[in-house]
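Here is the structure we will look at, set down as structure tokens.
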Number of protein chains: 2
Amino acid sequence: MNARPKVVETIEPQLKLGCASCAAHDLTLCRAVSEMAWSLPRGESVEIQNSNQIVPARRIVFRDHDLHDAVPVICAGWAASIVLLSDGSRQILSFLLPGDIVSTALLFDSRAHCLVEAITEVRYRTFNRAALKANLYKHPDLLEKFSRAWIEEKARADQLIVDLGRRTAEERIARLILSLQDRLVRRGLVHADTEEMDFPLRQHHIADATGLTPVHVSKVLSEFRRGGVIKISERSLTVLDPVRFRRVANMR
Amino acid sequence: MNARPKVVETIEPQLKLGCASCAAHDLTLCRAVSEMAWSLPRGESVEIQNSNQIVPARRIVFRDHDLHDAVPVICAGWAASIVLLSDGSRQILSFLLPGDIVSTALLFDSRAHCLVEAITEVRYRTFNRAALKANLYKHPDLLEKFSRAWIEEKARADQLIVDLGRRTAEERIARLILSLQDRLVRRGLVHADTEEMDFPLRQHHIADATGLTPVHVSKVLSEFRRGGVIKISERSLTVLDPVRFRRVANMR
DNA sequence: CGGTGTCTTGAATACCATCAAGTCTTGTGG
DNA sequence: CCACAAGACTTGATGGTATTCAAGACACCG
């Protein structure tokens, strides 16, 4: 408990205290499923037994074209949905944060169409797809949470399309950081006073998410730091000048 | 009836014969809703009365941030979902073809988050959202059609992300054309022998969909034509050398 | 008939990629 | 504990792809 690596320390308390202590428990499926569970007959559970899985950083969580009879939800850590191209280049479709359903399409389609890679160590639960579907309309709260997740997933995909199609490198990177910060704030994962946040992304992650090269990401980030708008150190990030940074990002 | 513009001629027979003659009737919601209608009590209809609307080419169908209590489905013509940026540039999120739900998110969210513009003259129907939702789980066929539409919508968005992030101008344009051809083939809208298809897109539409400028789109298309891989004339397009064109597109 | 929208082509420029070399950190096996 | 390798990041030089700017051809329409 004293000289452990950083990531494990952040995950341990949740494992001990259970899902209710999860930062994102209220946000997505987990809370709705827990409440629904009370009304289910004994023995019928939506969550798959022993579904709590841990994957080390940089490991593949799900492979492309894997078949799933379950819907996975991230409990702790960061992951990424990635498409691999034949020439070896990669495109990150989305970053997965605690509370995120890996893909809402998995509720109806058993085939994943991209791979999921752990960025930090990742813990996830899995819910039985058939059981989830069967209970969707009996439990309005579940359906509502689910449709929200789906709408947000699609909205973020659409945003990314606009960013990749019509924005400069600086805008793309700034918007990526701001969008991640926004999602972390909603999970209570940004320090209230300092506005500092965990930022485990490597520059190649940023490159693969923004359609740039790692070299160019490095140059833009250096530019941001020299300008004093952000600070990055020790896998954490602070937006020092939110007004200017949002102007760079062309937001608001 | 004798000297009408071209587009109206193509739509008229469908208006007369009703929805069952629509090229895409089997593909999406329309068929499932029609079949469901038999089992509904008198007076309860899912389709909104007089919901058949016609919008001329180049006109806006739905405005950004419009509120909808209905789910619109394209019956005839081409449209585009578009995001406008503050500097005046545009990004097309998707092209809407006959049979397409304008946005599957509209089943749960009344707010559209992009605008829809008619490319050709467009005819669409609207279904009552509350009635649709209420019947989703009573009619498995409806739910299945709907989840398929949603999965395909998301898969196309993800494809576009990869294209914009990691592919060259030639690849993007070739893949756009091939993807449209594929969707038209499924609707029976590609001439069986000649493989010719209607192609009402202006070059600025291609530019806005691929994140390029109209000038560069013109240059790439000219290159394709000079190479003899495609033929474009009179708002119709033929892929002359499918093998080579797919190689350019990096498909298969 | 001028006006508008569409497309083409060429020249100059900008943005980002590629290539390359070097620093610093992290991890690992001897 | 050190040596070494691999990964992560930085920086500069060079190059290519796509943009911007500009001018002209052509069709269509009121």
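Here is how names work: the chains are called A, B, and so on, in the same order as the sequence lines, proteins then strands, and each is numbered from 1.
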pair Asp100(B)-Arg187(B): side-chain heavy atoms closer than 4.5 Å: yes
Within-4.5 Å side-chain heavy-atom neighbours: Arg246(B) and Leu178(B): yes
Residue met sooner reading DNA chain C from 5', once Arg58(B) and Pro214(B) are mapped to nucleotides: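 Counting from the 5' end, the first nearest nucleotide belongs to Arg58(B).
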With a 4.0 Å limit, can you tell me whether [X] has a side-chain N or O closer than that to the phosphate oxygens OP1/OP2 of [N]?
X: Arg225(B); N: dC7(C); answer: no
X: Ser218(B); N: dC7(C); answer: no
X: His204(B); N: dT6(C); answer: yes
X: Ser222(B); N: dT9(C); answer: yes
X: Arg226(B); N: dT8(C); answer: no
X: Arg167(B); N: dA18(D); answer: no
X: Gln203(A); N: dT10(D); answer: yes

Side chain of [X] only, heavy atoms from C-beta on: which candidate in [options] is closest?
X: Thr213(B); options: dA8(D), dT19(D), dT10(D); answer: dT19(D)
X: Thr168(B); options: dC16(C), dA18(D), dC9(D); answer: dA18(D)
X: His216(B); options: dC9(D), dG12(D), dT19(D); answer: dT19(D)

What integer distance in Å separates [X]:[atom1] from [N]:[atom2]?
X: Arg202(A); N: dT25(C); atom1: CZ; atom2: P; result: 13 Å
X: Ile173(B); N: dT17(D); atom1: CD1; atom2: P; result: 14 Å
X: Arg235(B); N: dT6(C); atom1: CZ; atom2: P; result: 8 Å
X: Lys219(A); N: dC19(C); atom1: NZ; atom2: C1'; result: 10 Å
X: Leu221(B); N: dT6(C); atom1: CG; atom2: P; result: 15 Å
X: Leu164(B); N: dC16(C); atom1: CG; atom2: P; result: 15 Å
X: Leu201(B); N: dT6(C); atom1: CG; atom2: P; result: 12 Å
X: Phe199(B); N: dT6(C); atom1: CZ; atom2: P; result: 14 Å

Salt bridge Glu152(B)-Arg156(B), side-chain N to carboxylate O under 4.0 Å: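 Yes.
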Salt bridge (charged side-chain N to carboxylate O under 4.0 Å, His left out) evaluation trace for Arg247(B) with Asp241(B): CA-CA 10 Å; Arg247(B) 199 158 45 227; Asp241(B) 189 338; over 6 Å; no
Sugar-phosphate, base or nothing in reach of Arg172(B), heavy atoms under 4.0 Å: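 Result for Arg172(B) = nothing.
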Sugar-phosphate, base or nothing in reach of Leu212(A), heavy atoms under 4.0 Å: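 The answer is sugar-phosphate, as Leu212(A) gets under 4.0 Å only of primed atoms, P, OP1 or OP2.
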Worked verdict on Leu237(A) versus Leu180(A) for side chain to side chain contact (heavy atoms under 4.5 Å, CB included): CA-CA 11 Å; Leu237(A) 186 151; Leu180(A) 286 168; over 6 Å; no
Identified side-chain contact (heavy atoms from CB on, under 4.5 Å) partner of Thr210(B) from the options Gln91(B), Arg172(B), Glu171(B): Arg172(B)
